[in-house]
Amino acid sequence: MNISGTLNVFRLLRDPTLCLPQHTVSTFNHLPIPLSKAFPKKNGKDGEKEVDIQAVVLDKDNCFAIPHTDEVYQPYKDHFQRLRQAYPGSKLLIVSNTAGTNSDPGFKQGAILEANTGVKVLQHSTKKPGCKDEVMAYFKAHPESGVTRPDQIAVVGDRLSTDIMMANMMGSYGFWIRDGAVRPGFLARMEDRLQSFLFRRGYSAPDPLHNNHFE
């Protein structure tokens with residue numbers, strides 16, 4: 001059970017923009033590489049900053065893998081390797097609500113996933129979106145990642161209420177995989193409707209560049 005996800009849903013009652021992504025793609029294969037390409041270049045006026053994504057946090061299930069598997073979905077393998085090349089070493093981190101959590105005794109699933117992908121899997125005690133501090137602690141411990149501020153991180157995932165909410169709580173960029181590797185389930189369809197509703201009401205996603213500090 002994801003207690004963190006359940007409790008943090010109440011935050012949406014106060015601030016529904018927490019579940020809005022800064023960029024949306026259909027599937028993993030539609031992710032721009034590097035991810036900063038998703039945003040227009042600034043003209044330098046009024047102190048505007050360029051988006052500078054140094055590292056990427058990846059969800060697993062229905063993002064780059066079929067749920068309940070621990071390998072990259074075959075149609076995504078080439079794009080996954082391109083992402084690894086663009087964000088080598090500690091610049092790419094898998095943060096799953098299955099592998100690497102307390103639901104993964106002995107880190108067995110996480111170890112298999114690391115071996116199959118060549119990417120570090122974060123061991124974390126709290127599930128998304130509540131593990132944001134553990135994510136930030138990882139990058140603080142790995143300065144070679146180039147991350148000095150949360151707005152230099154992109155969080156990629158298929159769930160608005162976990163992946164994207166964590167990105168916004170961190171002050172990072174949320175990339176929503178809208179359709180995923182398999183047919184959207186009930187929760188995914190509800191989240192799609194929620195996003196459409198908020199957009200129609202005129203809500204917009206938070207700008208990470210206005211919240212660029214470690215908590």
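All residue numbers in this chain count up from 1 along the given sequence.
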Measuring from Asp52:CG to Leu209:CG, what's the distance to the nearest 0.5 Å? 9.5 Å
Value for CG (Asn97) from CE (Met166), rounded to nearest 0.5 Å, stands at 8.5 Å
Can you name the nearest heavy-atom pair linking [X] to [Y], along with the distance?
| X | Y | value |
| --- | --- | --- |
| Lys91 | Gln54 | NZ-OE1, 2.9 Å |
| Ile33 | Ala86 | CG2-CB, 3.5 Å |
| Ser172 | Pro208 | O-CG, 3.0 Å |
| Met136 | Pro150 | CE-CG, 3.8 Å |
| Leu20 | Asn168 | O-ND2, 3.0 Å |
| Asp61 | Pro67 | OD1-CA, 3.6 Å |

Tell me whether Asp59 is salt-bridged to Lys128, with the criterion being a basic N under 4.0 Å from an acidic carboxylate O. yes
Using a strict 4.0 Å threshold on nitrogen-to-oxygen distance, state whether Lys60 and Asp70 make a salt bridge.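 Yes, Lys60 and Asp70 are salt-bridged.
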Any non-hydrogen side-chain atom of Val156 less than 4.5 Å from a side-chain atom of Leu31?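 Yes. Closest side-chain heavy atoms under 4.5 Å.
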Please name all residues satisfying ring-ring contact (aromatic ring centres under 6.0 Å, His included) with His30, sequence neighbours left out, ordered by chain then number.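 ring-ring contact (aromatic ring centres under 6.0 Å, His included) list for His30, sorted by chain: empty.
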Not counting sequence neighbours, which residues clear ring-ring contact (aromatic ring centres under 6.0 Å, His included) with His23? List them please. Phe175
Aromatic centroids of Phe28 and Tyr73 separated by under 6.0 Å: no
Under 4.5 Å between side-chain heavy atoms, counting indirect links through other Ile/Leu/Val/Met/Phe/Trp/Tyr residues: same cluster for Val95 and Ile112 or not? no
How are the rings of Phe80 and Phe64 set to each other: parallel, tilted or perpendicular (split at 30° and 60°)? tilted
Would Glu134 and Ser125 satisfy side chain to side chain contact (heavy atoms under 4.5 Å, CB included), going step by step from the backbone distance to the final call? CA-CA 8 Å; Glu134 293 170 275; Ser125 59; 3.3 Å; yes
Distance-only side-chain donor-acceptor flag, Ser26 / Asp179, under 3.5 Å: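 Checked: Ser26/Asp179 side chains pair up, N/O donor to acceptor below 3.5 Å.
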Looking at Leu113, Leu58, Ile94, Val56, which hits side-chain contact (heavy atoms from CB on, under 4.5 Å) with Val119? Ile94
